[in-house]
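Input: a single structure, listed below in C-alpha cells.
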Amino acid sequence: MAPEQPYLHNLSGVFSAPIQAWSDAHGQIRHTGAQGIYCGDDRVLHTAVLTVDGREPEWVSTQLRSTKETDYIYFVRADAEVADPLLSLVRTRTVESGRIRTGDDDGESPTGCSGRVAESLRLESAMRKPVTLTVRLTLGADNTTMEHIKQGGANGAAVQPQETTWSWRDEDTALALAAEDAIISFEGSKVTIEWTVEVLPRVPVQLGWSVGLTDADSPMLAGDGQPIVAPASDDPRLNRLLERSVSDLNSLRLAHYSHPNDTFLAAGAPWFFTMFGRDSIIAARMLLPINTAIAGGTLRALAGRQGTETDHTTAVQPGKILHEVRRTVLTMAESDQALRLPPVYYGTIDATPLWICLLHDAWKAGMPDAEVEELLPNLQDALEWLRDHGDLDGDGFLEYLDASGAGLVNQGWKDSGDAIRWHDGSLAKGPIALAEVQAYAYEAAVVGAEILDAFGRPGAQEWRDYAEGMARRFRAQFWCEDELGPYPALALDADKRPVDGVTSNMGHLLGTGILNEEERGLVVRRVMDPTMFSGYGVRTLSTTNGGYWPTRYHAGAVWSHDTALIISGMLADGFPEEAAQLAAGLLRVAEANDWRLPELFGGHGTDTMHTPVPFPASCRPQAWASASSVVIAAALTPAGPAQEDLLQASAASL
C-alpha cells in the first residue's frame with residue numbers, strides 16, 4: 001500500500017529556512033498530517049491549540065503579512081449585551097532564523113542553525129464591563145522526522161519535557177520555551193501554558209509565547225547577505241505576484257556550513273527545505289534578471305561538493321553536481337520500491353549541465369570575472385563529466401540508471417517512478433536518455449566553450465564539436481510523429497527506441513540552441529495544442545496519453561516552473577505571443593492562490609474549471625515556482641526601456 005502523504009493545500013504556514021511552522025487554515029496547530037513546528041527535517045512541536053475559557057475562539061480571518069508573519073483573527077464568545085462580536089483576539093505568528101556562532105569577534109564562524117517561532121496574542125474588548133478570561137495554550141512536544149511525516153506517520157520518539165528547555169533529539173539540539181506572566185505545566189509530552197487576564201473596555205491586553213530552536217550540528221544554516229528585492233511593474237497584478245514571490249524566496253535562503261557565505265535557495269517547504277542541485281540552479285537562473293548574488297552562492301556551494309570519486313551507493317562521479325543534501329539517510333517508499341538515499345546524494349542526470357549553463361548566464365549577467373575564474377576548474381570537471389561519465393554506453397547521449405538498487409529510478413526533473421511513459425501509458429525501461437537533458441548538454445558544451453575561450457583556457461573546440469555531434473545525433477534519433485505531426489520524443493529507452501509520450505519535456509529544448517527554426521515552430525505548436533496547454537499552464541503529459549490523469553504528479557499535472565521554462569525558451573527563440581499566453585495562464589493561477597504560484601496543480605482545463613484545482617501535497621512555497629514570477633513578468637510586461645531590459649535578460653538567462 002502506498003504511503004499516505006499529508007495534504008497541504010488547506011494549511012497555513014510561516015517560514016524562515018530552516019525553521020517552519022504549519023497550522024490549519026485557522027491558525028491552530030493540531031497533531032495531524034504535516035502540522036507542527038519544525039527545525040530542519042525534525043518536527044519538534046506537533047500541537048499548539050489555543051482556547052479561551054475552555055473553548056476555541058471563533059476564527060474569522062487569516063491575514064498574511066509576509067511569508068514570515070501571519071495574523072489569525074478570532075472573536076471570543078462571552079456574556080455580551082448584544083449579538084455583535086465585541087471581544088476580539090488577534091494571534092500573530094512569526095518565524096525567524098539565525099546562526100550559532102563561535103569564536104572571537106575577529107574570527108567567529110557559524111557552527112549550526114538557530115531559530116525562533118513566536119506568537120503574540122492581542123485581546124481587545126468593546127464591551128461595557130471588564131471581562132476576566134482564562135487563556136490556555138496546549139503544546140505537544142515531538143521528535144518526528146520529515147520523512148516519517150511525509151509517509152503518513154504521526155509519532156516519532158517520545159519527548160517528555162520536565163522543564164522549559166529540553167532536547168528533542170540529542171544534546172546538540174534544544175528547544176527553549178518562554179511565556180511571560182504565564183503558568184507552565186508538564187504532563188508527559190503535553191505542555192500547558194495558561195494566563196488569567198482581565199480585559200478592560202478598549203484597553204488591549206498583550207500576551208505572548210515563543211520557542212527558541214538550536215541545532216548545533218545542522219548541515220544547513222540560515223542564508224546570509226542582502227535579501228532579494230522585488231522589481232516594480234506598471235501592472236498591479238504583476239506587482240502583487242512579484243512581491244509575494246520575493247517574500248517567499250527570501251524565506252527559502254539557506255547556506256551550507258562548509259560554505260557559510262554562499263547563499264542558495266532551498267527547494268521548498270515542507271518536504272525539501274534543503275540544498276537541491278537542480279532546483280536551486282533553476283531558481284537561481286530564473287532570478288538572474290533581478291539578482292545575481294543567489295546564482296554566485298549557488299554555484300560556489302555546489303562546486304564545493306562536486307564529485308571527485310565513483311560510488312554507486314551515493315551515485316557520485318568525478319565532476320558531477322549533487323542532487324540532494326540531508327542530515328541523515330533518507331528512507332522513503334515509492335510504489336513497490338524502498339528508497340534509501342544517503343545524506344549527500346548525486347542521483348541526478350541534469351544538475352551538472354545546468355550548473356555549467358548557470359555559470360555562463362551569471363557571468364553574462366554581471367558576475368565578476370574573478371569569481372568566474374575561481375570556478376574554471378569546476379567547469380572543466382563538469383564538462384568532462386558529460387563526456388566521461390554522463391554517457392553510460394558511449395552512444396553520445398546522457399543516460400541514467402540507478403546502480404545501487406535503492407536510489408531514484410528516474411533522475412531527471414520528473415523523478416517519480418511512473419514519469420517516463422510511452423503513448424499508451426506503459427512505463428519505459430532504463431537506461432533512459434531524456435530529451436531535455438541532451439539539450440542541456442548541448443547548451444552546456446556551447447557556453448562552456450565560450451567561457452574557456454574568454455578566459456584563455458584550452459579545449460574549447462572539443463566542446464563545440466561535442467555540441468555539433470549532439471545536435472546531429474538528436475535530430476536523427478529523437479523525433480516521432482503522430483496525427484498532429486512530428487515532435488521530439490520524451491526519451492530513448494534501454495533499446496534506444498524513442499519513447500513516444502507527448503510531454504512538456506520537449507518545451508525545455510526551446511532556447512537551448514539544439515533545434516533549428518522549423519523544429520522550434522513544431523515544438524511551440526505542440527505545447528500550445530489544447531491537449532497540452534490547459535489554459536492555466538502546460539501539462540506534464542498530453543491528455544491523449546494512456547497514463548494521463550490531471551492530478552498525476554508527473555503525468556498530467558501542471559508545474560509552474562515547467563511552464564515558466566517553456567515561456568523562457570519561447571522568448572529566447574522569438575515566440576513572444578505564445579509566451580504571453582502561457583504567462584497569462586500562470587498569472588491566473590497565482591491570483592487564485594493568494595498570489596503564490598504553487599509547485600504544481602491539476603491539469604484540468606479552463607473550459608472545465610473556473611479556478612485551478614490544487615495538487616494537495618504540493619510544496620508551498622517552492623523556489624522554482626516563486627522564481628517563475630520573474631519570467632512571467634518578462635513575458636507580460638509591455639515594451640519600454642526598463643521592461644525591454646527585463647524581457648531580454650530573462651530570455652538570455654534561460
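A donor-acceptor contact shorter than 3.5 Å is absent between the side chain of D41 and the backbone of M146. Between the side chain of R596 and the backbone N or O of L241 there is no donor-acceptor pair closer than 3.5 Å. A donor-acceptor pair is defined here as one N or O able to donate and one able to accept, closer than 3.5 Å; such a pair exists between the side chain of S280 and the backbone of F276. Side-chain atoms of D170 come within 3.5 Å of backbone atoms of D172 as a donor-acceptor pair (strictly under, hydrogens ignored). Between the side chain of T92 and the backbone N or O of S120, no donor-acceptor pair lies under 3.5 Å.
Using modelled atom types and a 3.5 Å distance limit, the side chains of H256 and R305 yield a donor-acceptor pair.
Tested against R43, the residues D142, T145, N143 include a single side-chain hydrogen bond (donor to acceptor under 3.5 Å, both in side chains) partner, D142.
Contact check for W271 versus S618: no side-chain heavy atoms found under the 4.5 Å cut-off. The shortest side-chain heavy-atom distance between V211 and V44 does not fall under the 4.5 Å cut-off. Contact annotation: the side chain of I282 never approaches that of W413 to less than 4.5 Å [non-hydrogen atoms, C-beta and beyond]. Contact annotation: the side chain of L45 approaches that of L175 to within less than 4.5 Å [non-hydrogen atoms, C-beta and beyond]. V135 is listed as a side-chain neighbour of L50, based on a closest heavy-atom distance under 4.5 Å. By the 4.5 Å heavy-atom criterion applied to side chains, Q28 and S23 are not counted as neighbours. Side-chain contact between V558 and Y536 is absent, with no heavy-atom pair separated by less than 4.5 Å. No side-chain heavy atom of R116 sits less than 4.5 Å from a side-chain heavy atom of L213.
Note on ring orientation: taking the six-membered ring where Trp is involved, the planes of H323 and Y345 are perpendicular (angle over 60°, cut-offs 30° and 60°). Using a 30° and 60° split on the angle between ring planes, F615 and Y553 fall in the tilted class, from 30° to 60°. Taking the six-membered ring for Trp and thresholds of 30 and 60 degrees, H46 and H31 have nearly parallel ring planes, at less than 30 degrees apart.
Separating the CD1 atom in I184 from the CH2 atom in W195 is a distance of 8.0 Å, to the nearest 0.5 Å. Of the inter-residue distances, the one linking E56 atom CD with R136 atom CZ reads 12.5 Å to the nearest 0.5 angstrom. A distance of 10.0 Å separates CD1 in I19 from CD in E96, rounded to the nearest 0.5 Å. W168 CH2 to D42 CG: the interatomic distance, rounded to the nearest 0.5 Å, is 6.5 Å. Taking CD1 of I37 as the start and CD of Q20 as the end, the distance is 10.5 Å to the nearest 0.5 Å. Rounded to the nearest 0.5 angstrom, E599 CD and S628 OG are separated by 11.0 Å.
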Item to check | Working for side-chain hydrogen bond (donor to acceptor under 3.5 Å, both in side chains), residues S61 and Q63 | outcome: CA-CA 6 Å; S61 180; Q63 300 285 323; 2.8 Å; yes
Checklist entry - Going through the distances and angles, do T67 and S251 end up as a side-chain hydrogen bond (donor to acceptor under 3.5 Å, both in side chains)? => result CA-CA 7 Å; T67 305; S251 77; 4.7 Å; no
Next on the checklist: Using the rule given for salt bridge (charged side-chain N to carboxylate O under 4.0 Å, His left out), can you reason through E58 versus R77, listing the C-alpha separation, both sets of side-chain angles and the distance that settles it, and then say yes or no?
Outcome noted: CA-CA 8 Å; E58 302 275 356; R77 300 281 191 173; 3.7 Å; yes
Item to check | Working for side-chain hydrogen bond (donor to acceptor under 3.5 Å, both in side chains), residues R93 and T70 | outcome: CA-CA 5 Å; R93 181 175 297 136; T70 298; over 6 Å; no
Item to check | D248 and R620: CA distance, side-chain angles, deciding distance, salt bridge (charged side-chain N to carboxylate O under 4.0 Å, His left out) verdict | outcome: CA-CA 9 Å; D248 283 348; R620 298 181 302 124; over 6 Å; no
Next on the checklist: Would V630 and L287 count as a side chain to side chain contact (heavy atoms under 4.5 Å, CB included) here? Give the steps.
Outcome noted: CA-CA 7 Å; V630 177; L287 288 177; 3.9 Å; yes
Checklist entry - Yes or no on side-chain hydrogen bond (donor to acceptor under 3.5 Å, both in side chains) for W624 and S626, after CA distance, side-chain angles and deciding distance? => result CA-CA 5 Å; W624 56 16; S626 297; over 6 Å; no
Item to check | Worked verdict on R244 versus D594 for salt bridge (charged side-chain N to carboxylate O under 4.0 Å, His left out) | outcome: CA-CA 9 Å; R244 179 68 185 270; D594 294 328; 5.3 Å; no
Next on the checklist: Checking E591 against R237 for the salt bridge (charged side-chain N to carboxylate O under 4.0 Å, His left out) test, could you report, in this order, the C-alpha distance in whole Å, the side-chain angles of both residues, the deciding distance, and whether it holds?
Outcome noted: CA-CA 8 Å; E591 187 170 12; R237 295 196 305 161; 3.2 Å; yes
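Residue W59 places its CH2 atom among more than 12 non-hydrogen atoms of other residues, nucleotides or ligands, all under 6.0 Å distant. Counting heavy-atom neighbours within 6.0 Å of Y257 OH, excluding the residue itself, gives a total of 12 or less. Atom CG of L200 has more than 12 neighbouring heavy atoms from other residues, nucleotides or ligands inside a 6.0 Å radius. Heavy-atom neighbours of R240 CZ from other residues, nucleotides or ligands within 6.0 Å: at or below the threshold of 12.
In terms of heavy-atom proximity, T138 sits nearest to K190 at CG2-CE, 3.8 Å. Scanning all heavy atoms of the two residues, the minimum distance from T540 to A555 falls at OG1-N, 3.5 Å. Heavy atoms only, all atoms of each residue included: A25 and S12 are closest at CA-CB, 4.3 Å. Summarising the geometry of A557 relative to L600, their closest heavy-atom pair is CB-CD1, 3.8 Å, with the distance given to 0.1 Å. Considering all non-hydrogen atoms of both residues, P18 and L221 come closest at CD-C, 4.4 Å. Taking each heavy atom of D224 and P260 in turn, the nearest pair found is CB-O, 4.4 Å.
Checked against a 6.0 Å centroid threshold, the rings of F15 and W22 count as neighbours.
The residues R65 and D71 are annotated as salt-bridged, a charged nitrogen and a carboxylate oxygen being separated by less than 4.0 angstrom.
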